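Working notes, structure below.
Keep in mind it's a predicted model, so treat the numbers as computed, not measured. Ligands are counted one by one from 1 in listed order, and the atoms in each one are counted from 1 as well.
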Amino acid sequence: MSKRMNVNSDTTWQDLPRGGAILDAGNAADFKTGDWRAMRPIWYKDKCKHCLFCWAVCPDMSIMAKDGKVIEFDYDHCKGCGVCVDQCKFEALELIAEE
Ligand code: SF4
Ligand code: SF4
């Protein structure tokens, strides 16, 4: 079992892995990667047909679905890549710049 590295304000560059590589698998839950997002997908519920194409292509599993329907977006982890927006054929998603 790997030991997670605790990177904080006291961590020196000498303590970091070479190239700043993240060596521990399965660590996405530890970081709110959505904080780094420059673009944000906006979901228009009224236009959504719940085809789930967007859900299937999201690389971060940030589109939450239940009982075959989209229910919300996980903006804590959505990175704003826009793949979901490109996939939606019903104009139910729009990519806008973060404020
Ligand atoms: S691709 Fe568009 S229409 Fe289909 S579930 Fe996603 S937002 Fe809704
Ligand atoms: S913008 Fe990218 S990461 Fe965010 S919900 Fe869409 S596909 Fe997922």
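The single protein non-hydrogen atom nearest to atom 4 (Fe) of ligand 2 is Cys78 SG, 2.3 Å, given as residue, atom name and distance. Protein heavy atom nearest atom 6 (Fe) of ligand 2, with residue, atom name and distance: Cys84 SG, 2.3 Å. Ranking the protein heavy atoms by distance from atom 2 (Fe) of ligand 1 puts Cys88 SG, 2.4 Å first. Taking atom 5 (S) of ligand 1 as the reference point, the nearest protein heavy-atom neighbour is Leu52 N, 3.2 Å. Nearest non-hydrogen protein atom to atom 3 (S) of ligand 2 is Lys79 N, 3.4 Å. In terms of protein heavy atoms, atom 8 (Fe) of ligand 2 is closest to Cys58 SG, 2.3 Å.
Residue Pro59 approaches ligand 2 through these ligand atoms, each under 4.0 Å from one of its heavy atoms: 7 (S). Close approach of ligand 1 to Ala92 is summarised as follows: ligand atoms under 4.0 Å from at least one heavy atom of the residue are 2 (Fe), 7 (S). Below 4.0 Å from some heavy atom of Leu93 lie the following atoms of ligand 1, by number and element: 7 (S). Against a heavy-atom cut-off of under 4.0 Å, Val70 is close to the following atoms of ligand 1: 5 (S). Listed by number with element, the atoms of ligand 2 under 4.0 Å from a non-hydrogen atom of Gly80 are 1 (S), 4 (Fe). Listed by number with element, the atoms of ligand 1 under 4.0 Å from a non-hydrogen atom of Phe90 are 3 (S). Using a 4.0 Å cut-off to heavy atoms of Pro41, the atoms of ligand 2 that qualify are 1 (S). Taking every non-hydrogen atom of Lys49 and a distance limit under 4.0 Å, the qualifying atoms of ligand 1 come out as 3 (S), 8 (Fe).
By the neighbour-count criterion of 12 heavy atoms within 6.0 Å, atom CE of Met61 is sparsely surrounded, having that number or fewer from other residues, nucleotides or ligands. Within 6.0 Å of the NZ atom in Lys89, the count of heavy atoms belonging to other residues, nucleotides or ligands exceeds 12. Within a 6.0 Å sphere centred on CD of Glu99, heavy atoms belonging to other residues, nucleotides or ligands number 12 at most.
Ligand 2 is never approached by Cys54 to a heavy-atom distance shorter than 4.0 Å. Heavy atoms of His50 come nearer than 4.0 angstrom to ligand 1 in at least one pair.
Between the side chains of Tyr44 and Glu91, no donor N or O sits under 3.5 Å from an acceptor N or O.
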- Task: Take Cys54 and Leu93 through the side chain to side chain contact (heavy atoms under 4.5 Å, CB included) test and state the conclusion after the steps.
- Result: CA-CA 9 Å; Cys54 58; Leu93 292 171; 3.9 Å; yes

Q. Checking side chain to side chain contact (heavy atoms under 4.5 Å, CB included) for the pair Val70/Ile63: CA distance, chi angles, key distance, verdict?
A. CA-CA 7 Å; Val70 176; Ile63 301 173; 3.9 Å; yes

Take Phe90 and Cys51 through the side chain to side chain contact (heavy atoms under 4.5 Å, CB included) test and state the conclusion after the steps. CA-CA 10 Å; Phe90 302 99; Cys51 64; 4.2 Å; yes

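Counting only distance, with no hydrogens or angles, the side chain of Arg37 and the backbone of Cys78 share a donor-acceptor pair below 3.5 Å. Under a 3.5 Å cut-off, the side chain of Asn8 and the backbone N or O of Asp10 do form a donor-acceptor pair.
With a 4.5 Å cut-off on side-chain heavy atoms, Tyr75 and Pro41 count as touching.
Residue-level proximity to ligand 2 for Val57 is absent, since no heavy atom of it falls below 4.0 angstrom.
In this pair, Phe73 and Trp43 present their aromatic rings tilted. The plane angle is within the 30 to 60° band.
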